[in-house]
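Read through the structure below, which is laid out as structure tokens, and then see the notes.
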Amino acid sequence: MPELPEVETVRRGLQPVMEGARIIRVEQRRADLRFPFPADFARRLEGRQIVSLGRRAKYLIADLDNGMVMVSHLGMSGSFRIEADSEGSLQPGVFHHARSKDGKHDHVVFHVEGPAGRARVIYNDPRRFGYMDLMARADLADHPWFRDLGIEPTGNSLNAGVLAERLAGKTAPLKAALLDQRIIAGLGNIYVCEAMWRAKLSPGKPAGRLVRKSGKPTEALERLTGCIRTVIEEAIAAGGSSLRDHIRTDGTLGYFQHGFSVYDREGKACPGPGCGDTVRRMVQSGRSTFHCPTCQTK
DNA sequence: CTCACATCCTGGATGC
DNA sequence: TGCATCCAGGATGTGA
């Protein structure tokens, strides 16, 4: 499921239940997801208080009161849902699978007690591409998952100059470069397609051509940077994209999928003003790229 | 080094 | 109805 806007939506949904809460009990129902859980995963979490719930790229990071952090990545199909443990009125918006209520593929259950009451925070992941780990907060930045991450496509950290440094000399197609988390961290297939369309850039263009010989960003890269920023901002504001069966526990949907211009719109009219062409699907490094060959020529 | 590709896994949609 | 095939929001390890 989740790219940065969906993970951020999950974080905001979990925050009121988890931040400041104590982890009473953890049910870990299998030994591994994509990777094995760390030794004594459940036991090391039990009794700890969650100081804050953060995010870096597509990772959720729960800071604990003993200097450790629990890191979690949702992979392709991971989701969290919240269930009130007693009479609590917990209704935050957290992405999950509609069908995940049957309990199949519920791999971890966190029983928490905090300002918002008692709750179960349940991790469900049919494909098990997600993963979790525990590490010292001090070791986070040097951990292989984080060490090489590129810039966040949100806020002030994103700017064309930094992207230019990272794209210089790259012969890989722009599409592949934007999916590379070492260059920019948090974009996935949806938002890469959308950003390229907004910037009118061809997905196959060698990424290094967005950088001048001087190392400065081209006008196209400046434009792309702005498009990345706004598409991510808009998607977060919309509560992410609800594709397939992903819904939120309060019954509302993230609605950014209605804002897609090209993603999953093969054969439909390109929404470019006066364009008249249709959206095409092609495969780049094994993954679908949705684009408009008329609009995206630069 | 850089890239393209297969791979991990389940399940939904589609076609015969 | 069954069965086969393709596809899916990610990231990693391989081999060229």
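Partners of A:Phe146 according to the ring pair (Phe, Tyr, Trp, His ring centres under 6.0 Å) rule, which considers only residues two or more places apart in sequence or in another chain, are A:Tyr59. For the side-chain contact (heavy atoms from CB on, under 4.5 Å) test, residues two or more places apart in sequence or in another chain that qualify with A:Glu113 are A:Ile24, A:Arg118. Partners of A:Gln181 by side-chain contact (heavy atoms from CB on, under 4.5 Å), not counting sequence neighbours, listed by chain and number: A:Lys58, A:Leu149, A:Ala185. For A:His111, there are no ring pair (Phe, Tyr, Trp, His ring centres under 6.0 Å) partners two or more places apart in sequence or in a different chain. Checked against side-chain hydrogen bond (donor to acceptor under 3.5 Å, both in side chains), A:Arg137 has the following partners two or more places apart in sequence or in another chain: A:Asp63. With sequence neighbours excluded, the residues forming a side-chain hydrogen bond (donor to acceptor under 3.5 Å, both in side chains) with A:Asp65 are A:Arg48, listed by chain and number.
Proximity note for A:Arg281 (side chain, C-beta onward) versus C:dA11, C:dG9, C:dC7: the nearest is C:dC7. Side-chain atoms of A:Pro126 lie closest to B:dG11 of the nucleotides C:dT12, C:dA8, B:dG11.
For B:dG11, one of the phosphate oxygens OP1 or OP2 lies less than 4.0 angstrom from a side-chain nitrogen or oxygen of A:His105. Phosphate contact (OP1/OP2 of C:dG10, side-chain N/O of A:Arg287, threshold under 4.0 Å): present. Taking only side-chain nitrogens and oxygens, A:His73 comes nearer than 4.0 Å to OP1 or OP2 of C:dA11. For the OP1/OP2 pair of C:dC7 and a distance below 4.0 Å, the side-chain nitrogens and oxygens of A:Ser288 include no atom meeting the criterion. Side-chain N/O atoms of A:Tyr191 include none lying less than 4.0 angstrom from OP1 or OP2 on C:dG9. Regarding contacts with the backbone of C:dG9, every side-chain N or O of A:Lys58 stays at 4.0 angstrom or more from both OP1 and OP2.
There is a side-chain donor-acceptor pair under 3.5 Å between A:Lys175 and A:Asn189.
The separation between A:Leu74 atom CG and C:dG9 atom C1' is 10 Å, rounded to whole Å. Rounding to whole angstrom units, CG of residue A:Asp125 and C1' of B:dC9 are separated by 9 Å. Atom CG in A:Asp32 sits roughly 14 Å away from atom C1' in B:dT10 (whole-Å rounding). Straight-line distance from the CD1 atom of A:Ile184 to the P atom of C:dG10: 14 Å, rounded to whole Å. Rounded to whole Å, atom P of B:dC9 lies 8 Å from atom CZ of A:Phe129. Per the geometry, CG belonging to A:Asp264 stands 12 Å off P belonging to B:dA13, to the nearest Å. Between A:Leu178 atom CG and C:dG9 atom C1' the separation is 16 Å, expressed in whole Å. Look at CD1 on A:Ile190: it is 7 Å from P on C:dG10, rounded to the nearest Å.
For DNA chain B, each stem of at least three Watson-Crick or G-U pairs (distances under 3.5 Å) is given as range with range: B:2-8 with C:10-16, B:10-16 with C:2-8.
Taking the charged nitrogens against the carboxylate oxygens, A:Glu8 and A:Arg11 do have a contact shorter than 4.0 Å, which makes a salt bridge. With salt bridges taken as basic N to acidic carboxylate O contacts below 4.0 Å, none links A:Glu219 and A:Arg223.
Across all strands, A:Arg128 comes closer than 4.0 Å only to sugar-phosphate atoms, never to a base (heavy-atom distances). Among the atoms of the strands shown, only primed sugar atoms or phosphate atoms (P, OP1, OP2) are found under 4.0 Å from some heavy atom of A:Tyr131.
The separation of B:dA6 from C:dC6, taken at their C1' atoms, amounts to 16 Å, rounded to a whole angstrom. Atom name C1', nucleotides C:dG9 and B:dC3: the rounded distance is 23 Å, in whole Å.
Applying the salt bridge (Lys or Arg N to Asp or Glu O under 4.0 Å) test to every pair with at least one member in residues 176-186 of chain A, sequence neighbours left out, gives these pairs: A:Asp180-A:Arg182. Sequence neighbours left out, the pairs with a member in residues 194-217 of chain A that pass salt bridge (Lys or Arg N to Asp or Glu O under 4.0 Å) are A:Arg198-A:Glu234.
Within residues 140-154 of chain A, no residue approaches DNA chain B, by heavy-atom distance under 4.0 Å.
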Under 3.5 Å, which N/O atoms of the protein pair with N/O atoms of nucleotides 1-5 of chain B?
residue: B:dC3; atom: OP1; partner: A:Thr171; partner atom: N; Å: 2.7
residue: B:dC3; atom: OP1; partner: A:Thr171; partner atom: OG1; Å: 2.6
residue: B:dC3; atom: OP1; partner: A:Ala172; partner atom: N; Å: 2.4

Scan the side chains in residues 291-298 of chain A for donor-acceptor partners under 3.5 Å anywhere in the protein, sequence neighbours excluded, and list what turns up.
residue: A:Thr294; atom: OG1; partner: A:Asp277; partner atom: OD2; Å: 2.5
residue: A:Gln296; atom: OE1; partner: A:Cys292; partner atom: N; Å: 2.8
residue: A:Gln296; atom: NE2; partner: A:Leu201; partner atom: O; Å: 2.9

TODO: Kindly determine whether A:Tyr131 and A:Asp133 satisfy side-chain hydrogen bond (donor to acceptor under 3.5 Å, both in side chains), including the steps that lead there.
DONE: CA-CA 7 Å; A:Tyr131 42 98; A:Asp133 204 354; over 6 Å; no
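Counting atom types as modelled, A:Arg127 pairs a side-chain N or O with a base atom of C:dA8 as donor and acceptor under 3.5 Å.
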